[in-house]
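Written out below as structure tokens is the structure these notes cover.
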Amino acid sequence: MALTQQNAPLLEALQEHLQNRVVRFDVPGHKGGRGNRELADFLGNRCVKIDVNSMKNLDNLYHPVSVLKDAQNLAAEAFGAANAFFMINGATSASQAMILSVCKAGEKLIMPRNVHRSAINALVLCGAVPVYVDPGENKSLGIPLGMSVKAVEQAILENPDAKAVLVNNPTYYGVCPDICHIAKLAHAHNMLLLADEAHGTHFYFGENLPCAAIAAGADMAAVSIHKTGGSLTQSAMLLCGKSINADYVRQIINLTQTTSASYLLMVSLDIARRNLALNGREMYQKTIQYVDYAREEINRIGGYYVYGDELCNGDSFYAFDRTKLSIHTRNTGLAGIEVYDLLQNEYGIQIEFGDIGNILAIVTAGDRALEIERLISALSEIKRLYGRDPSGMLRSEYLTPDVALSPQQAFYAPKKVVPLSKCVGKICSEFVMCYPPGIPILAPGERITADIVNYIQYAKEKGCSLTGPQDMEITQLNVVAAERKDT
């Protein structure tokens, strides 16, 4: 019998497995929870009982031939892709597999600099060379935008040997480029189009949202289902178009992905896909209603600016993700991270992230109207109690990189430790970023400027969570010991 989107093959196989009285002489060693009662009590007996190892009746993600193959085929159909791969190390692993499938050492990848660190990590692993395209910036908000079509075209013409173009669709802040135009441009020059769509699951199922990457003609897309699609944290999918050799991609995935894939994560993808296929339209309609209401009410408070598609310019800000509650805080006299901390510490409200000038609240159909009202009230009170004169606050969020070496060369080069204040002019050999969102302030191979040092120091003072360097306090950085020209 043919499977439909009503089916959930892996879920059904696990439900059947639970009915069998299988004697467990395999891993995991907790033996369905009997070997670790504290774990079973905390997670629940049903959860630990389906934390199983690969076996014939449950298939194997490393080489799927039955229920996992069926589940991935249904996912591909639901997302409009030729093939879909379940990823159990997040969209990070999907993004890296995507780039490793396309680029080899010394080959070029055209990409915006405001990418997640996972994309640059992939360059460290494979030795590909980034051709960064300045994404532009909304200076009043201090946020990077998407790549303009003209800038991508210029990069393509100057680098005709590049293998692919990578786009963010959307950025963390909800900004989308003209992905359809960029896809046509890349293909016209025999390049592939890759999409970091970690925050774009809902584009495939909602109405009146920006175009999804696969629908726009992208060859591959890394989609983080757990962020807005309802699966468990750390679960994602890699989508492939017809132009991609899926068997080769599977081999690339198997280079780094575990051979002990979590059935908890995989079945959550199967369940989430079915829910999205059957109910996604209504889910995201409700989400947009929540966000539209919150946007209107928060903007009434004053000081805050919840931005939306009024900022679209038809190019680098081609479309806006209306499910994003992106809020500029600078005019309240508070950095985004300060508002983030106040919401968490004083009001018991956890939002997604805060940076120098903005905060982001992730809203889904799983939220409740009462919670939306609680957020609005808290923001109003924070402005009243803690707001101050915004003069003297740092404005810019995007810092244009000066690339001196490829990420791989710099990361593996001989290095020395230098105090942060004395790093200006040197080439960084490690990452520095605020997390979230995980967009590097510095990546390996980039020259350190005074503006970057000032930005890092300001971010530390405001309480941003900085990650990446070996020095956990970020008072010093590893830099390339002896500079040499990139080859």
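Since we're looking at a predicted model, the values are computed, not measured.
- For residues 357-394, there are no ring-ring contact (aromatic ring centres under 6.0 Å, His included) pairs, not counting sequence neighbours.
- Taking both residues in full, the closest heavy atoms of Gln72 and Ala84 are given as CB-O, 3.3 Å, listed atom of the first, atom of the second, then distance.
- In this structure the side chain of Ile110 reaches within 4.5 angstrom of the side chain of Val133, judged on heavy atoms.
- Between Leu442 and Ile456 there is a side-chain heavy-atom pair separated by less than 4.5 Å.
- For residues 92-105, there are no side chain to side chain donor-acceptor pair (under 3.5 Å) pairs, not counting sequence neighbours.
- Defined by atom type and a distance below 3.5 Å, a donor-acceptor pair is present between the side-chain atoms of Asp389 and Ser391.
- No more than 12 heavy atoms of other residues, nucleotides or ligands lie within 6.0 Å of OH in Tyr318, so this atom counts as exposed by the packing criterion.
- Distance CD1/Ile143 to CD1/Ile356: 14.5 Å, rounded to 0.5 Å.
- Between Val124 and Gln408 the shortest heavy-atom distance is O-NE2, 3.0 Å.
- Taking 4.5 Å as the limit, some side-chain heavy atom of Tyr305 sits within range of a side-chain heavy atom of Asn299.
- Using a 4.5 Å heavy-atom threshold, the side chains of His189 and Val165 count as separate.
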Step by step, work out the side chain to side chain contact (heavy atoms under 4.5 Å, CB included) result for Thr475 and Leu420. CA-CA 5 Å; Thr475 59; Leu420 180 61; 5.8 Å; no

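- The two residues Ala216 and Cys180 have their closest heavy-atom pair at CB-SG, 3.7 Å.
- Nearest approach of Gly230 to Ala272, heavy atoms of both residues: C-CB, 4.1 Å.
- Between the side chain of Asn478 and the main chain of Pro469, no donor-acceptor pair closer than 3.5 Å is present.
- You'll find the side chain of Ile182 reaches within 4.5 Å of the side chain of Val149, heavy atoms only.
- The closest side-chain heavy-atom distance from Pro170 to Val175 is not below 4.5 Å.
- Of the possible polar contacts, one joining the Arg388 side chain to the Gly333 backbone as a donor-acceptor pair under 3.5 Å is found.
- A donor-acceptor pair under 3.5 Å links the side-chain atoms of His116 to the main chain of Ser118, judged by distance alone.
- Formation of a donor-acceptor pair under 3.5 Å by the Asp341 side chain with backbone atoms of Glu338 is not found in this model.
- Note that CD1 of Ile214 and CG of Leu193 are 9.0 Å apart. Values are rounded to the nearest 0.5 Å.
- A distance of 12.0 Å separates CZ of Arg447 from SG of Cys428, quoted to the nearest 0.5 Å.
- Using a distance-only test at 3.5 Å, with no hydrogens or angles considered, a donor-acceptor pair links the side chain of Asn138 to the main chain of Leu141.
- The 12-atom threshold is not exceeded at CD of Glu473, counting heavy atoms of other residues, nucleotides or ligands nearer than 6.0 Å.
- For the atom pair CG (Asp451) and CD1 (Ile441), the distance works out to 12.5 Å, reported to the nearest 0.5 Å.
- Under the rule for a salt bridge (charged side-chain N to carboxylate O under 4.0 Å, His left out), the partners of Asp161 that lie at least two apart in sequence or sit in another chain are Lys108.
- Taking CG of Asn169 as the start and CG of Asp178 as the end, the distance is 10.5 Å to the nearest 0.5 Å.
- Looking at Glu107, its side chain never comes within 3.5 Å of a backbone N or O of Ala128 through a donor-acceptor pair.
- Scanning all heavy atoms of the two residues, the minimum distance from Gly336 to Thr329 falls at N-OG1, 3.2 Å.
- At a threshold of 4.5 Å between non-hydrogen side-chain atoms, the residues Tyr458 and Met393 count as touching.
- Residues satisfying the side-chain contact (heavy atoms from CB on, under 4.5 Å) test with Arg368, not counting sequence neighbours, are Glu371.
- The local environment of NZ in Lys460 is crowded, with over 12 non-hydrogen atoms from other residues, nucleotides or ligands closer than 6.0 Å.
- Between Thr467 and Ile474 the shortest heavy-atom distance is N-CD1, 4.3 Å.
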Steps toward salt bridge (Lys or Arg N to Asp or Glu O under 4.0 Å) verdict (Glu297, Arg300): CA-CA 5 Å; Glu297 292 301 310; Arg300 282 182 180 174; 3.1 Å; yes

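- The main-chain N or O of Ala365 is found under 3.5 Å from a side-chain atom of Thr287 such that the two form a donor-acceptor pair.
- In this pair, Tyr284 and His202 present their aromatic rings tilted. The plane angle is within the 30 to 60° band.
- Residue pairs satisfying the side chain to side chain donor-acceptor pair (under 3.5 Å) criterion with at least one member in residues 271-280, sequence neighbours excluded, are listed as follows: Gln5-Arg273, Asp270-Arg273, Asn275-Asn279.
- Sorted by first then second residue, the ring-ring contact (aromatic ring centres under 6.0 Å, His included) pairs that include residues 334-353, not counting sequence neighbours, are Tyr172-Phe353, Tyr173-Phe353.
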Are Glu282 and Lys286 close enough, and set up right, to give a salt bridge (Lys or Arg N to Asp or Glu O under 4.0 Å), and what steps lead you there? CA-CA 6 Å; Glu282 292 75 17; Lys286 181 179 179 182; over 6 Å; no

For Leu379 and Thr332, what are the C-alpha separation, side-chain angles and deciding distance, and is it a side chain to side chain contact (heavy atoms under 4.5 Å, CB included)? CA-CA 10 Å; Leu379 288 172; Thr332 65; over 6 Å; no

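- The pair Glu446-Arg113 meets the salt-bridge criterion, with a side-chain N (NZ, NE, NH1 or NH2) lying under 4.0 Å from an Asp/Glu carboxylate O.
- In summary, of the residues considered (Asp309, Asn208, Asp292), a side chain to side chain donor-acceptor pair (under 3.5 Å) with Arg322 occurs for Asp292 alone.
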Between Ile88 and Met266, does the side chain to side chain contact (heavy atoms under 4.5 Å, CB included) criterion hold? Intermediate values first, please. CA-CA 7 Å; Ile88 43 76; Met266 292 188 293; 3.8 Å; yes

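- Remark: the backbone N or O of Gly357 is paired with a side-chain donor or acceptor of His328 at under 3.5 angstrom.
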Using the rule given for side chain to side chain contact (heavy atoms under 4.5 Å, CB included), can you reason through Leu194 versus Leu109, listing the C-alpha separation, both sets of side-chain angles and the distance that settles it, and then say yes or no? CA-CA 10 Å; Leu194 314 179; Leu109 175 63; 4.3 Å; yes

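- Once rounded to the nearest 0.5 Å, the distance linking CE of Met283 with CG of Leu276 reads 5.0 Å.
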Walk me through it: do His181 and Asp315 pass the test side-chain hydrogen bond (donor to acceptor under 3.5 Å, both in side chains)? CA-CA 10 Å; His181 200 151; Asp315 194 4; over 6 Å; no

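- Here the side chain of Glu197 pairs no donor or acceptor atom with the backbone of Ala212 at under 3.5 angstrom.
- Side-chain atoms of Asp355 come within 3.5 Å of backbone atoms of Asn358 as a donor-acceptor pair (strictly under, hydrogens ignored).
- Under the 4.5 Å side-chain criterion, counting only non-hydrogen atoms from C-beta, Leu375 is in contact with Leu343.
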